[in-house]
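Below: the structure, in structure tokens.
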2 protein chains.
Amino acid sequence: MAAETTVRRLVDAAERLFAERGIDAVSLREINTAAGQRNSTALQYHFGDRAGLLKAVLAKHRPEIEARRHQLLDEYEARGPLPQADALRSLAAALVRPAAAKLADPDGGRDYLRVMEQLVHRVPPSLPEDGGGSIDRWRELVAPLLPEAAVRLHQRFMAIRMTYVELARRASGPPARDDRLFTSHLIDVVSAVLASEVSDETARLLAEREQRP
Amino acid sequence: MAAETTVRRLVDAAERLFAERGIDAVSLREINTAAGQRNSTALQYHFGDRAGLLKAVLAKHRPEIEARRHQLLDEYEARGPLPQADALRSLAAALVRPAAAKLADPDGGRDYLRVMEQLVHRVPPSLPEDGGGSIDRWRELVAPLLPEAAVRLHQRFMAIRMTYVELARRASGPPARDDRLFTSHLIDVVSAVLASEVSDETARLLAEREQRP
DNA sequence: CGTCAAATAAGACGATCGCCTGAAATACCG
DNA sequence: CGGTATTTCAGGCGATCGTCTTATTTGACG
């Protein structure tokens, strides 16, 4: 069997099993078997260990998402200044849409989302360095639109986490014929997270903190 | 050793290890050892299996949270009708505060939050039936304030998931001297999730769906 | 066609897992 | 104080894990 197809089958089996049962809950033996390999050396040979295999799973989908997000951010920047609400929704869409497109990708897209969610929850954040960095670019573009410096960072991370949590849940269910309504509503809510303003109570606590560093 | 203290030590060890390493990623042997038991029968004897032990961990903290939330909901109902925004923030607070109080509970409160997050992500939702049902009561009180029937359910679940995800992250870090700012800001954002309105695009997709069931 | 490197197969190693059995120790109570 | 039930200890069972070593097959190329 050609090396390329074996690698591909291993990656496909891994993304499915990582999604269904958890990255660390599935044995390398089982992945090998599910990929049609009779015994357990093919995986060792091509990927070394579990981390190498996981990296390969992510690399399979990452470039497409990065490209789409960069494109949306290009369009956002080209469009020039927008009213605050519209700007935030555009940016929320740039966060959500590229990942949400994976819901309709029959080649493991849904499994990829479920794997990503597991990584988003890891602390410290063990996501492989963003390389292309479309998320970093997104964060920089969002920053000036957010309310208060002290909570800005937190607010952005919450938006990202919510995006992956909700997409992973959607991907865990049976495939839907149409994810447009779900996606649009998720963008609405993520926009609301980004647009959420600090309450009087929060502002007061913030002021107290500044006095006592 | 008295039975009661052994049970207590097992539960404490379990909640810590469940939180740090994952409910299914820790062996019963290790929990037994961490609790000071020399060999592995005490756990079997008192709890049967992993699920029984998990139930005991949850039962240790659940009543306190349920009581606090029911109290906040009592106050909310007693206060009579409020402006929409104030009502939503009161309800968001009733969702967040009882759980957030666990951040400052030195007796495993932080570990409990991290365990809860793992359960919130399980699909199908394998949380033990709400018993007291303060969350059910919360859902009923929130419903009439939310925008569109078709997305109402989704919006409430997102608020709940976000609450536990963010609290678990906070609980994963080092204990803070003061969680009031964090909690108040989380309430702000959860309120925004609940208050988020459907965009034009979402409304249009919603209308399309109604035409084609 | 022959050769050499890449890729796959086969099997075994020690470690650890959940679970079980049977005996010793402890607590409880008439 | 004595007897019974509850709780803890000691150890082993089969299964499975990740990893390693060695042998066989496959494919590209002069």
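In what follows, chains are A, B, ... by sequence order, proteins preceding strands, each numbered from 1.
- Atom CD in A/Q37 sits about 16 Å away from atom P in C/dG11, given to the nearest Å.
- One atom, CZ of B/F47, and another, P of C/dG18, lie 15 Å apart when rounded to the nearest Å.
- Look at A/H46 and you'll find a side-chain N or O under 4.0 angstrom from OP1 or OP2 of C/dT8.
- Taking atom CD1 on B/I31 and atom P on C/dT16, their separation rounds to 17 Å, with Å as the unit.
- Neither OP1 nor OP2 of D/dT7 sits under 4.0 Å from any side-chain N or O of B/T6.
- For A/S27, taking side-chain heavy atoms from C-beta onward, the closest of the listed nucleotides D/dG18, C/dC19, C/dA9 is D/dG18.
- D/dT16 atom C1' lies 13 Å from atom CZ of A/R21, rounded to whole Å.
- The residue among B/R29 and A/R29 whose nearest nucleotide of DNA chain D is located toward the 5' end is B/R29.
- Phosphate proximity of C/dT8 to A/T41: absent, as no side-chain N or O sits under 4.0 Å from OP1 or OP2.
- Applying the 6.0 Å contact sphere to CD of A/E75 captures more than 12 heavy atoms from other residues, nucleotides or ligands.
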TODO: Determine, stepwise, if the pair B/S184 / B/R97 fulfils side-chain hydrogen bond (donor to acceptor under 3.5 Å, both in side chains).
DONE: CA-CA 9 Å; B/S184 181; B/R97 293 218 124 92; 5.2 Å; no
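- The environment of A/E197 atom CD is sparse: at most 12 non-hydrogen atoms of other residues, nucleotides or ligands sit within 6.0 angstrom.
- Nucleotide D/dT19 holds its C1' atom 17 Å from the OH atom of A/Y45, rounded to whole Å.
- Straight-line distance from the CG atom of B/L28 to the P atom of D/dT8: 16 Å, rounded to whole Å.
- For C/dG18, the OP1/OP2 oxygens have no side-chain nitrogen or oxygen of B/Q44 closer than 4.0 Å.
- The residues A/D107 and A/R8 are annotated as salt-bridged, a charged nitrogen and a carboxylate oxygen being separated by less than 4.0 angstrom.
- D/dT19 atom P lies 12 Å from atom CG of A/N32, rounded to whole Å.
- Taking atom CG of B/D24 as the reference point, atom P of C/dC17 lies 14 Å away to the nearest angstrom.
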TODO: Given salt bridge (Lys or Arg N to Asp or Glu O under 4.0 Å), test A/R89 with B/E201 step by step and report yes or no.
DONE: CA-CA 11 Å; A/R89 190 165 206 277; B/E201 179 183 354; 3.2 Å; yes
